[in-house]
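Working notes, structure below.
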Amino acid sequence: MSVQDYLKLPYNIIIRHVIDESGSYYFATVLELDGCMSDGETFEEAYKNVHEAMEGWIETKLESGFSVPVPINAEKYSGKYVVRLPKTLHARLVMEAEKEGVSLNQYTLYKLSV
C-alpha cells in the first residue's frame, strides 16, 4: 500500500483542548500510529496538522521497511472488560469512587482514560 492508500483509511484521531503553562491549544494524536501527533491553535488547525504528521509518519515507516498499523475496528469490541484485582485495591477504588460521588465503573473508566 502507498502512503495515500493509508491516508484514506479511517484512523482514530483524538484531539484534546489543552490549557497549560504554554497557553491554550489543541493537541492531536493518532491512536494507531504511536508517536504521531501535532497541535494547533484551533481544533481545525490541529486536525489539519495531524493529517500532515500522519503523512510524514507513514512515509518514514514505509521508507524504513517497517509495517504501518491499520485502523482499529471498534465494532469488534464489546466494551466489556473484566479484570481481577487484589481485595485491597478493590476497596481503595470503591472508597475513592464514593468520595467523588460516582460509581466504581465510572471512576475506573476515568482512571484508565487519564
Report summary line: CD of Glu55 to OG1 of Thr60, rounded to nearest 0.5 Å, is 10.5 Å
Report task. Check whether Trp57 and Leu9 end up in the same hydrophobic cluster, where Ile, Leu, Val, Met, Phe, Trp and Tyr are linked by side-chain heavy atoms less than 4.5 Å apart. Result -> yes
Requested in this report: Return the set of residues passing side chain to side chain contact (heavy atoms under 4.5 Å, CB included) with Ser103 (not counting sequence neighbours), or none when no residue passes.
Outcome: Asn105, Gln106
Query raised in the report: Backbone N or O of Tyr110 within a donor-acceptor pair of the Ser113 side chain at under 3.5 Å?
Result: yes
Requested in this report: Please answer: with hydrophobic residues joined when any side-chain heavy atoms are less than 4.5 Å apart, are Leu109 and Leu104 in the same cluster?
Outcome: no
Requested in this report: Using the test side chain to side chain donor-acceptor pair (under 3.5 Å), find all partners of Ser2 that sit at least two apart in sequence or belong to another chain.
Outcome: Asp5
Query raised in the report: What distance separates Ile58 CD1 from Leu62 CG, expressed to the nearest 0.5 Å?
Result: 7.5 Å
Distance-only donor-acceptor hits, side chain of residues 23-37, under 3.5 Å, sequence neighbours excluded:
from  : atom 1 : to    : atom 2 : distance (Å)
Ser24 : OG     : His17 : NE2    : 2.8
Tyr25 : OH     : Asp20 : OD2    : 2.9
Glu32 : OE1    : Asn12 : N      : 3.1
Glu32 : OE2    : Asn12 : ND2    : 2.4
Glu32 : OE2    : Ile72 : N      : 2.9

Query raised in the report: Do any pairs count as a salt bridge (Lys or Arg N to Asp or Glu O under 4.0 Å) and have a residue in residues 99-114, sequence neighbours left out, and if so which ones?
Result: none
Show me the donor-acceptor pairs, under 3.5 Å and distance only, between side chains in residues 43-53 and residues at least two apart or in other chains.
from  : atom 1 : to    : atom 2 : distance (Å)
Glu45 : OE1    : Glu41 : N      : 2.9
Lys48 : NZ     : Glu52 : OE2    : 3.0
Asn49 : ND2    : Asp39 : O      : 2.7
Asn49 : ND2    : Glu45 : O      : 3.3
His51 : ND1    : Tyr47 : O      : 2.9

Please list, one pair per line, the donor and acceptor atoms closer than 3.5 Å that link side chains of residues 79-96 to other protein atoms, with sequence neighbours excluded.
from  : atom 1 : to     : atom 2 : distance (Å)
Arg92 : NE     : Glu96  : OE2    : 3.1
Glu96 : OE1    : Tyr107 : OH     : 2.6

